[in-house]
Amino acid sequence: MRVTGDRGFLRPQNPIIRLIIEKRDDVTTDTFHLDSMACPRCGHQPDIRDPANYLGCPKCHAQLGIPVNYVVQSKQPSIAELRSSRERPAGLGIWRWAPQLPVGAAQAVSLNEGNTPLISLPTFGSRFGATRLHIKNESANPTWSHKDRLCAAAVTAAKALGARAVVAASTGNHGASLAAYAARAGMPCVISTLNSVPQTMRVLMESYGAEVRTVEHSDERFEAIAAGVRNEGWYPCSNSSSPPVGSSPYGVDAYKTIAYELWAQTDGKQIDAVVVPTGYGDCLRGIARGFDDLYRAGAIEKIPRLIAAEIFGKVGRSINTDPIHLGPWPTAESAAFSIGGGFTTYQAVDTIKSHGGDAVVVPESSILATQLELARSEGIYAEASSAVAVAAAAAAYRDSIVEKDDLVVIISTSSGLKDPAATAAAIAAMKRGN
């Protein structure tokens, strides 16, 4: 299915938000290139040190009944500045693009994230006539997922702002990544997760020293985080509310580097479409902001069509609601649990609508079959959520959303090794002839 394109908002119980993040006199332009963020809908600018910023814009919540994530306010880079960054060593990873990021490289918390490979898919693409299909393999990051970009920037910001600990609500990649970057920064880390989290994911989080707290129901994670932000000085680096807002705007902007890297890796060739696994839309929003920078600077002639690959149709359904409704939409158990849940976000819907993008829904029956097909045809073992994007790309060709000779890039967010049990079950079923 393709679509072109509230309730229970969690607030701290104390009506007077107490500033927990300590004032730091050494926050300089070497660490932050800017000192403001704003609501993309109404323009409201909060104090960047307000710990309640993770809850989104309070004015839009009052008007719409839904949260809207802030975006950082940055100076539009010139073509000369972008080219200068492109000429810096690729081995710098995301910090090659430091002048275009809201946090600087001088005090970066880094594990050499970014600079992930762009790989052509000639065999897989030939099955539906695609001649220029590629995949950007984010499992080449330090903790094997795209979340490393976000967490590098978010932890750098948290440390500069004087936070006492970092926290995330996560069932997988985000928690593992944040735990690693917190360890690198020498900061305590708390991960609030579900009892059902795969054992591999929990081991990863705990191996980096995170305190992992499990709960039965998703919303319980956010209640614990609200208390920690209010009373303990925690800095939320993931979405931490229900309905969801999205992650730290500093972290979201780190995904701009995916767009910048694609521009560099394709030698400035026009990319026609980018397919992104989408739940809350952090990566989708960040990539869009990166292409916006490139377009406004004149580095590219047009912004690629952005395709949100999803499993329950929540983005597509929310696009068509007026007034906007983000969920909850019907859900089911899914191998692609990292983009599951019944809600999407304003940032996901707004990105698709404002960029003329699409939302493509992939049925559960296609996910693990596509995962195995990609692995056996191209040697790339992607996580289930990434297989959703691969299947969505195939559907986009079949439905003529993209043309067979278009340059199309799939974002593969992580490795299948994060949840091998799901793949093992699919292989066993295949052997049984099911």
Side-chain angles (χ1 to χ4, degrees), residues 86 90-94 96-97 112-125 130-152 173 177 252-278 281-291 293-294 299-300 303-309 336 338-339 351 357 360 370-371 374-375 377-394 396-397 402 406-418:
R86 187 178 63 181
L92 292 173
I94 70 168
R96 173 189 190 184
W97 311 97
N112 287 12
E113 57 289 327
N115 189 34
T116 56
L118 183 65
I119 305 167
S120 64
L121 302 178
T123 303
F124 183 84
T131 60
R132 296 198 297 164
L133 178 63
H134 293 73
I135 195 165
K136 188 151 175 65
N137 186 11
E138 288 291 289
S139 68
N141 279 304
T143 76
W144 312 290
S145 91
H146 68 311
K147 296 292 186 181
D148 290 349
R149 296 177 190 263
L150 183 152
C151 289
N173 290 322
S177 179
V252 170
D253 255 31
Y255 287 133
K256 294 200 300 183
T257 59
I258 292 178
Y260 300 152
E261 287 177 18
L262 289 175
W263 173 60
Q265 289 170 320
T266 58
D267 295 322
K269 293 185 180 69
Q270 180 61 54
I271 299 172
D272 296 291
V274 179
V275 188
V276 187
T278 302
D282 289 338
C283 190
L284 183 75
R285 173 69 104 182
I287 289 173
R289 283 172 61 78
F291 280 119
D293 283 349
L294 292 165
I300 57 176
I303 295 171
R305 179 180 294 277
L306 299 174
I307 299 175
S338 64
I339 56 172
T351 298
V360 175
T370 301
Q371 182 189 57
L374 179 67
S377 65
E378 299 287 4
I380 298 171
Y381 181 32
E383 70 168 347
S385 295
S386 299
V388 171
V390 178
Y397 283 106
V402 295
D406 281 350
L407 178 52
V408 176
V409 177
I410 299 164
I411 306 300
S412 180
T413 48
S414 189
S415 165
L417 287 173
K418 294 292 185 72

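With Asn141 contributing its side chain and Glu138 its backbone, the two residues share a donor-acceptor pair below 3.5 Å. A donor-acceptor pair under 3.5 Å links the side-chain atoms of Arg96 to the main chain of Arg86, judged by distance alone. Judged by distance alone, with hydrogens and angles left aside, the side-chain atoms of Asp272 form a donor-acceptor pair with the main-chain N or O of Leu407 at under 3.5 Å. Side-chain atoms of Ser415 come within 3.5 Å of backbone N or O of Leu417 as a donor-acceptor pair. Side chain of Ser386 to main chain of Thr413: a donor-acceptor pair is present (N/O by atom type, distance under 3.5 Å, no hydrogens or angles). In this structure, Asp406 contributes its side chain and Val408 its backbone to no donor-acceptor pair below 3.5 Å. At distances below 3.5 Å, at least one donor-acceptor pair connects side-chain atoms of Lys136 with backbone N or O atoms of Thr116. When atom types are taken as modelled, the side chain of Tyr381 and the backbone of Gly416 share a donor-acceptor pair closer than 3.5 angstrom. Counting only distance, with no hydrogens or angles, the side chain of Ser414 and the backbone of Trp144 share a donor-acceptor pair below 3.5 Å.
Between atom OG1 of residue Thr370 and atom CZ of residue Phe124 there is a gap of 6.0 Å, rounded to the nearest 0.5 Å. Taken to the nearest 0.5 Å, the CD1 atom of Ile287 stands 8.5 Å off from the CZ atom of Arg149. How far SG of Cys283 is from CD1 of Ile411: 6.0 Å, rounded to the nearest 0.5 Å. In this structure, CD1 on Ile271 lies 9.0 Å from CG on Leu294, to the nearest 0.5 angstrom. Between the CG atom in Asn112 and the CD1 atom in Ile94 there is a gap of 10.5 Å [rounded to 0.5 Å]. One distance of note links CD1 of Ile258 with CG of Leu118; it measures 11.5 Å at 0.5 Å rounding.
Across all non-hydrogen atoms, the minimal contact from Asn115 to Glu261 is N-OE2, 2.8 Å. Scanning all heavy atoms of the two residues, the minimum distance from Ile303 to Ile300 falls at CA-CD1, 4.3 Å. Listed here is the closest heavy atom pair of Gln371 and Ala382: NE2-O, 2.8 Å. Glu378 and Leu121 get closest at one heavy-atom pair: OE2-C, 3.0 Å. The heavy-atom pair separating Val252 from Arg285 by the smallest distance is CG1-CG, 3.9 Å. Residues Ile339 and Ala309 come closest through the heavy atom pair CD1-O, 4.0 Å.
Judged as a side-chain hydrogen bond (donor to acceptor under 3.5 Å, both in side chains), and not counting sequence neighbours, Ser145 has no contacts. Under the ring pair (Phe, Tyr, Trp, His ring centres under 6.0 Å) criterion, Phe291 pairs with no residue, sequence neighbours left out.
Within the 4.5 Å cutoff, side-chain heavy atoms of Pro117 are placed close to those of Asn137. The side-chain heavy atoms of His134 and Ile410, taken from C-beta on, include no pair separated by under 4.5 Å. Using a 4.5 Å heavy-atom threshold, the side chains of Val274 and Val276 count as touching.
The aromatic rings of Tyr255 and His146 sit parallel to each other, their planes meeting at less than 30°, with 60° as the upper class boundary.
When each of Thr278, Leu284, Val275 is tested with Leu306 by the rule side chain to side chain contact (heavy atoms under 4.5 Å, CB included), just one qualifies, namely Leu284.
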